[in-house]
Chemist: 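Take this structure, written in C-alpha cells, and hold onto it; I'll ask about it next.
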Amino acid sequence: QVQLVESGGGLVQPGGSLRLSCAASGSFFSVGTMGWYRQAPGKERELVTSITYGGDTNYADSVKGRFTISRDNAKNTVYLQMNSLKPEDTAIYYCSAEMRLSLFRVQTYWGQGTQVTVSS
C-alpha cells in the first residue's frame with residue numbers, strides 16, 4: 001500500500017505563513033511529479049502548484065510570488081511554503097503524487113487533505 005501523509009495545516013492570520021509537508025510511504029519504486037491542490041467551500045478543486053522529479057515547477061497565477069513548492073527526493077516528501085497568506089487561500093489542501101508501482105504501472109495517489117484557514 002502507498003500512503004501520502006500531510007501535515008502543517010492550521011489557522012493563521014492574513015499575511016502569515018504556513019509550511020505544508022507531504023510524505024510518501026509504502027511500496028513503490030519511485031515518485032514522479034508531485035503537487036498540491038486545494039478546494040475551498042463552494043468552489044472547484046484547483047491545482048495550486050506541481051513539481052517534477054527534476055525540480056521543474058508550475059504555479060497557479062493566484063499564488064505566484066507567495067507560495068513555493070519543493071521536494072526532497074531522498075525523503076519522498078514534497079513541501080509547500082505559503083507566505084503572505086490571504087483569506088482567499090482558505091481551503092483544504094491535498095497533495096498528490098504520481099507513483100511508479102512497477103515497471104509497467106504508474107498510479108496517482110492523494111493525501112488525506114489538511115485544512116488551511118486564513119482569518120483574523
Side-chain angles (χ1 to χ4, degrees):
Q1 295 180 344
V2 175
Q3 186 177 22
L4 299 179
V5 179
E6 300 179 31
S7 63
L11 174 64
V12 65
Q13 294 184 339
S17 298
L18 284 174
R19 181 176 171 86
L20 307 183
S21 299
C22 176
S25 63
S27 298
F28 53 86
F29 286 94
S30 62
V31 184
T33 297
M34 305 182 81
W36 293 93
Y37 291 75
R38 68 185 181 186
Q39 187 165 26
K43 294 186 176 294
E44 296 182 347
R45 185 195 67 178
E46 65 172 339
L47 175 64
V48 178
T49 178
S50 65
I51 183 169
T52 68
Y53 182 89
D56 294 327
T57 59
N58 288 287
Y59 294 92
D61 289 340
S62 60
V63 306
K64 286 181 179 177
R66 300 188 298 119
F67 290 10
T68 302
I69 188 172
S70 61
R71 65 189 290 167
D72 185 336
N73 291 331
K75 297 180 179 179
N76 295 316
T77 300
V78 63
Y79 306 94
L80 182 62
Q81 179 66 47
M82 303 184 292
N83 299 326
S84 302
L85 283 162
K86 304 174 181 179
E88 50 263 44
D89 294 318
T90 296
I92 300 176
Y93 284 71
Y94 300 90
C95 70
S96 68
E98 296 180 347
M99 311 295 294
R100 181 170 293 282
L101 305 180
S102 72
L103 184 63
F104 311 105
R105 181 176 174 85
V106 177
Q107 184 170 326
T108 299
Y109 283 82
W110 294 86
Q112 80 280 4
T114 185
Q115 177 70 47
V116 172
T117 302
V118 184
S119 176
S120 59

Chemist: Working note: Gln112 + Glu6, criterion side chain to side chain contact (heavy atoms under 4.5 Å, CB included); need CA distance, chi angles, decisive distance, verdict.
Modeler: CA-CA 7 Å; Gln112 80 280 4; Glu6 300 179 31; 3.7 Å; yes
Chemist: The test is side chain to side chain contact (heavy atoms under 4.5 Å, CB included); show your working for Leu20 and Thr114 and say whether it passes.
Modeler: CA-CA 9 Å; Leu20 307 183; Thr114 185; 4.1 Å; yes
Chemist: Taking all non-hydrogen atoms of both residues, which atom of Met34 and which atom of Asn76 are closest, and how far apart?
Modeler: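 Looking at all heavy atoms of both residues, the closest pair is CE-O, 4.2 Å.
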Chemist: Rounded to the nearest 0.5 Å, what separation is found between the CD1 atom of Ile51 and the OG atom of Ser70?
Modeler: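 Between Ile51 CD1 and Ser70 OG, I get 6.5 Å after rounding to 0.5 Å.
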Chemist: Check Leu103 against Arg100 and note the closest heavy-atom contact, atom names and distance.
Modeler: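 For Leu103 versus Arg100, the nearest heavy atoms are O-NH1, 3.2 Å.
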Chemist: Taking all atoms of both residues into account, what is the closest heavy-atom pair of Tyr109 and Met99, and its distance?
Modeler: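 Looks like CD1-CG, 3.4 Å.
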Chemist: Output the rest of the hydrophobic cluster of Tyr37: all Ile, Leu, Val, Met, Phe, Trp and Tyr residues reachable through side-chain heavy-atom contacts under 4.5 Å, sorted by chain and number.
Modeler: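 Hydrophobic cluster check, Tyr37: joined to Leu47, Ile92, Tyr94, Trp110.
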Chemist: Determine whether Tyr93 and Leu80 make a side-chain contact, defined as any pair of heavy atoms from C-beta on separated by less than 4.5 Å.
Modeler: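 Yes; the side chains approach each other to less than 4.5 Å.
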Chemist: To the nearest 0.5 Å, what is the distance between NZ on Lys75 and OG on Ser25?
Modeler: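 Here the interatomic distance stands at 15.0 Å.
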Chemist: For the atom pair OG1 (Thr68) and CZ (Arg19), what is the distance rounded to the nearest 0.5 Å?
Modeler: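 Reported value, rounded in 0.5 Å steps: 9.5 Å.
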Chemist: Under 4.5 Å between any side-chain heavy atoms of Pro14 and Pro87, yes or no?
Modeler: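 Pro14 reaches Pro87 side chain to side chain.
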Chemist: Using the rule side-chain contact (heavy atoms from CB on, under 4.5 Å), only one of Leu18, Leu11, Leu85 pairs with Val118; which is it?
Modeler: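 Testing Val118 for a side-chain contact (heavy atoms from CB on, under 4.5 Å) against Leu18, Leu11, Leu85 leaves exactly one candidate, Leu85.
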Chemist: Which atom names give the shortest non-hydrogen contact between Thr108 and Glu98, and what distance separates them?
Modeler: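 Between these two residues, the closest heavy atoms are OG1-CG, 3.9 Å.
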Chemist: Quick check for you: to the nearest 0.5 Å, what is the distance between Ser27 atom OG and Gln1 atom CD?
Modeler: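 Separation between the atoms: 8.5 Å.
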Chemist: Minimum heavy-atom separation for Gly32 to Arg71, with atom names?
Modeler: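 Scanning both residues completely, I find the closest heavy atoms to be O-NH1, 2.8 Å.
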Chemist: When rounded to the nearest 0.5 angstrom, what is the spacing between CH2 in Trp36 and OG in Ser96?
Modeler: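 Those atoms lie 9.0 Å apart.
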Chemist: Tell me the side-chain hydrogen bond (donor to acceptor under 3.5 Å, both in side chains) pairs involving residues 77-89, sequence neighbours left out?
Modeler: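 Matches after skipping sequence neighbours: Ser17-Asn83, Arg38-Asp89, Arg66-Asp89, Gln81-Asn83.
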Chemist: Return the CG to CZ distance between Leu101 and Phe29, rounded to the nearest 0.5 Å.
Modeler: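 Nearest 0.5 Å value for the CG-CZ distance: 9.0 Å.
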Chemist: Looking only at heavy atoms, which two atoms of Cys22 and Leu4 are closest? And how far apart?
Modeler: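 That closest heavy-atom pairing would be SG-CB, 3.8 Å.
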Chemist: Do the side chains of Phe67 and Thr49 get nearer than 4.5 Å, heavy atoms only?
Modeler: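 No, too far: nothing below the 4.5 Å cut-off.
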Chemist: Would Val78 and Ile69 satisfy side chain to side chain contact (heavy atoms under 4.5 Å, CB included), going step by step from the backbone distance to the final call?
Modeler: CA-CA 7 Å; Val78 63; Ile69 188 172; 3.8 Å; yes
Chemist: Going by heavy atoms in the side chains, are Thr117 and Gln115 under 4.5 Å from each other?
Modeler: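 Heavy-atom side-chain distance check passes, below 4.5 Å.
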